[in-house]
Amino acid sequence: MNDTAAARLKLLVVDDEPSQLLTLRDLFEHEGFQVTTCKSFDEALARCSDQVFAAAILDLQLHGHDGIDLFRQLQQLQPAMRVIIHTGYGSFHSAKDAVNLGAFAYVEKALDPAELILWVHRAAKDLLSEALSHSEQQFRDLLDDVKAIVWESELPTHRFIFVSQQAEAILGFPVARWIEDPTFWDQRIVDEDRSRYEEFRTACANGSGDRDLELRVTAADGAIVWLHLVAHLVADSDGNPQMLRGAMFDVTHQKVSEQQLRDMEIQLEHVSRLSTLGEMVAGIAHEINQPLAAIANFAVAAKVAIANDDCEHSVPIESWLETICDQTENCGQIIRGLRSFVKRGHGDYQWIDLNQIVQDSVNLIECNLHNHFADLTCNLCESPQMVFGNAVQLRQVIVNLLQNACDATRERESATVSINVTLGDDYARVAVRDNGAGISEQQQAKIFDAFFTTKEEGIGMGLAISKSIVEAHGGKLSFDSSPDGSTFYVTLPLSKDRPRVDVSREKVSR
């Protein structure tokens with residue numbers, strides 16, 4: 001096996017932003033690559049001098065250097081390496097230079113990393129295709145370790161003529177089923193995705209270039225597996241379509257994680273709306289109770305005065321006043337019902353792990369690329385810390401504090417945000433710390449007031465709602481601040497009769 005085959009899964013990532021490096025490292029390690037990160041021009045050259053990489057992701061602008069210059073030197077060191085330019089400062093000229101030098105792809109940084117993931121997988125597939133042209137046995141040896149189903153199908157029948165062993169690991173069916181049973185693959189595809197696959201297969205056979213598709217298939221154990229298909233048309237010497245060659249990547253975990261994050265965001269948005277509505281209804285009910293009480297008092301007084309007056313009236317004033325009193329009492333009952341409805345009870349409370357709430361909140365914040373300018377660290381307790389409460393509401397509080405911390409550090413050159421879970425004798429505490437400019441003394445007195453905000457686009461309800469939620473859980477929301485930054489503390493009680501948990505948790509540090 002030569003150096004290129006040995007490096008089939010090695011990926012070099014070069015970027016001068018630490019948070020971007022961490023994000024890309026985690027993303028592509030999950031995709032099955034061995035990731036090496038470099039934050040400078042010289043470090044990248046040093047790594048390429050003693051290691052062989054299948055592909056590289058290069059930032060276009062590095063401190064004191066140009067990514068295109070680094071690209072030129074890496075080409076001299078490793079001509080076979082696929083290089084993908086990944087930049088937030090894209091331009092026509094830089095794209096032209098990259099293409100002329102032979103860059104595999106030119107991808108602008110965006111909120112959705114799917115395009116970059118696709119190009120990296122295409123680079124890996126391209127490397128595999130090149131290896132196939134040299135040696136069939138070399139190709140088979142290489143595929144045994146790749147976390148993807150690599151396949152070939154003949155045209156026009158679309159029958160599989162080769163499937164790698166990863167097919168058995170991913171879907172649970174022996175490779176022989178793929179080869180011997182012509183209906184096997186079609187029967188595995190989920191009904192809703194079958195028509196899209198037929199269109200994809202037809203387009204691959206009739207066109208040129210690579211194509212890709214995501215679809216769902218049923219595994220041997222009945223589980224639904226998401227596969228990302230990449231296909232390449234292979235023609236004979238006369239240019240006639242001969243076969244399709246490609247790879248299938250298991251992206252189930254990515255799809256499930258994306259859906260969980262979307263569901264969590266919807267839950268938090270819903271709770272935020274309900275909490276705001278509850279605060280408004282409680283305030284309105286309190287204000288309306290006073291005039292209603294005054295109306296009732298005056299109606300009773302008028303009834304007494306008329307009863308003491310011997311004059312006869314041409315209209316039933318006493319009956320009208322009685323109706324006023326009755327309807328005022330009805331209004332009061334309605335308002336008391338509203339206040340009881342919006343008052344937070346314990347119907348949705350349960351024992352929850354505070355560590356997990358914090359970790360979920362950190363994941364939500366980190367999925368927003370607008371927050372990646374800040375260095376976010378998370379330290380959890382060694383073991384689960386069980387508190388009695390509403391998981392969605394507590395997650396709303398932590399997300400709000402983390403987002404406020406990120407917003408407070410946007411003007412800092414080296415922005416840092418940390419969140420720590422600590423344990424006291426009878427309480428658990430979450431501390432969210434930032435190195436922003438702090439909160440002025442004038443603002444500190446109003447920081448928890450409803451509709452008070454220091455943000456241009458804020459409505460001033462986040463901290464007010466958070467304080468109400470924490471207090472409804474029997475806890476306390478507090479803070480301290482200085483010109484070097486602010487720290488917000490969520491202190492929650494630990495009940496003596498909380499459930500015993502024997503599951504240990506490793507300390508997480510990001």
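Note that the structure is predicted; figures quoted are calculated from it, not measured. The first residue in the sequence is number 1, and the count goes up from there.
Contact detail for L116 and F28: the closest heavy-atom pair is CG-CZ, 3.9 Å. Across all non-hydrogen atoms, the minimal contact from V225 to A219 is CG2-CB, 4.0 Å. For the residue pair L477 and L463, the shortest heavy atom distance occurs at CD2-O, 4.2 Å. When all heavy atoms of W226 and T252 are compared, the pair lying nearest together is N-OG1, 2.9 Å. Scanning both residues, S40 and V14, for their nearest heavy atoms gives O-CG1, 4.2 Å. The two residues I57 and H86 come nearest to each other via the heavy atoms CG2-CB, 3.5 Å.
Here the side chains of Q393 and H473 are in contact, with some heavy-atom distance below 4.5 Å. Between I419 and N379, every side-chain heavy-atom pair lies at or beyond the 4.5 Å cut-off. Residues D193 and V217 fail the side-chain proximity criterion, which asks for heavy atoms closer than 4.5 Å. Between Q165 and V175 there is a side-chain heavy-atom pair separated by less than 4.5 Å. T37 places none of its side-chain heavy atoms less than 4.5 Å from the side chain of L24. Residues L77 and S49 meet the side-chain proximity criterion, which asks for heavy atoms closer than 4.5 Å. Side chains of Q34 and L11 form no contact here, defined as non-hydrogen atoms less than 4.5 Å apart. In this structure, M81 and L74 have side chains that are in contact, with non-hydrogen atoms separated by less than 4.5 Å.
Judged by distance alone, the side chains of Q73 and D69 never bring a donor and an acceptor atom under 3.5 Å apart.
Across V490, V397, V387, I352, a single residue satisfies side-chain contact (heavy atoms from CB on, under 4.5 Å) together with I357, and that is I352. When each of W178, W151, F173 is paired with W185, the ring pair (Phe, Tyr, Trp, His ring centres under 6.0 Å) condition holds for W178 and for no other. The side-chain contact (heavy atoms from CB on, under 4.5 Å) test with D353 is passed by exactly one of S383, C381, P384: P384.
Using modelled atom types, no side-chain atom of D16 and backbone atom of K39 make a donor-acceptor pair closer than 3.5 Å. Q78 places a side-chain N or O within donor-acceptor distance of the main-chain N or O of C48, the cut-off being under 3.5 Å. Without hydrogens or angle criteria, R433 side chain to A405 main chain gives no donor-acceptor distance under 3.5 Å. No donor-acceptor pair closer than 3.5 Å links the side chain of T409 to the backbone N or O of A415. The closest donor-acceptor contact from the side chain of R412 to the backbone of N435 lies under 3.5 Å. Judged purely by atom type and a 3.5 angstrom limit, N100 uses its side chain to pair as donor or acceptor with the backbone of K96.
In this structure, S414 OG and F373 CZ are separated by 12.0 Å, a value rounded to the nearest 0.5 Å. To the nearest 0.5 Å, the span separating CG on L229 from CG on L227 amounts to 6.0 Å. From R72, atom CZ reaches atom CG of L101 across 5.0 Å, with rounding to the nearest 0.5 Å.
The residues R82 and D126 are annotated as salt-bridged, a charged nitrogen and a carboxylate oxygen being separated by less than 4.0 angstrom. Using a cutoff of 4.0 Å between basic side-chain nitrogens and carboxylate oxygens, E198 and R201 are scored as salt-bridged. A salt bridge is defined here as a Lys NZ or Arg NE, NH1 or NH2 lying under 4.0 Å from an Asp or Glu carboxylate O, and D50 with R47 fails to meet this definition.
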Start with the C-alpha gap between N400 and Q396, add the side-chain angles, then the distance that decides, and say whether side-chain hydrogen bond (donor to acceptor under 3.5 Å, both in side chains) holds.
CA-CA 6 Å; N400 181 64; Q396 178 195 6; over 6 Å; no

Tell me, with the steps shown, if F33 and H121 meet ring-ring contact (aromatic ring centres under 6.0 Å, His included).
CA-CA 10 Å; F33 293 90; H121 281 308; 5.7 Å; yes

Dump the intermediate steps for side-chain hydrogen bond (donor to acceptor under 3.5 Å, both in side chains) on N355 and Q359, then the final yes or no.
CA-CA 6 Å; N355 280 339; Q359 187 62 69; over 6 Å; no

Could you walk me through whether V362 and L376 satisfy the side-chain contact (heavy atoms from CB on, under 4.5 Å) test, starting with their C-alpha distance in whole Å, then the side-chain angles of each, then the deciding distance to 0.1 Å, before giving a yes or no?
CA-CA 9 Å; V362 170; L376 175 59; 3.8 Å; yes

CA sep, side-chain torsions, deciding dist, call: R245, K125, side-chain contact (heavy atoms from CB on, under 4.5 Å)
CA-CA 10 Å; R245 178 181 295 157; K125 186 198 74 80; over 6 Å; no

Walk me through whether K109 and D59 qualify under salt bridge (charged side-chain N to carboxylate O under 4.0 Å, His left out).
CA-CA 9 Å; K109 295 179 180 178; D59 190 10; 3.6 Å; yes

Could you check H30 against Q254 for side-chain hydrogen bond (donor to acceptor under 3.5 Å, both in side chains), going step by step and ending with a plain yes or no?
CA-CA 9 Å; H30 174 70; Q254 176 186 339; over 6 Å; no

Yes or no on side-chain contact (heavy atoms from CB on, under 4.5 Å) for D434 and T416, after CA distance, side-chain angles and deciding distance?
CA-CA 6 Å; D434 66 71; T416 61; over 6 Å; no

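The aromatic rings of H228 and F249 sit perpendicular to each other, their planes meeting at more than 60°, with 30° as the lower class boundary.
The side-chain tip of R177 does not point at the ring of F184 from less than 6.0 angstrom away and within 45° of straight on. With W119 as the aromatic partner, R122 meets the cation-pi criteria of under 6.0 angstrom to the ring centre and within 45 degrees of the ring axis.
Taking the ring-ring contact (aromatic ring centres under 6.0 Å, His included) definition, one finds that F488 meets it with F479, sequence neighbours left out.
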Side-chain donor-acceptor distances from residues 154-161 under 3.5 Å, at least two apart:
| unit_1 | atom_1 | unit_2 | atom_2 | d |
| --- | --- | --- | --- | --- |
| E154 | OE2 | T157 | OG1 | 3.1 |
| T157 | OG1 | R159 | N | 3.4 |
| R159 | NH2 | I179 | O | 3.0 |

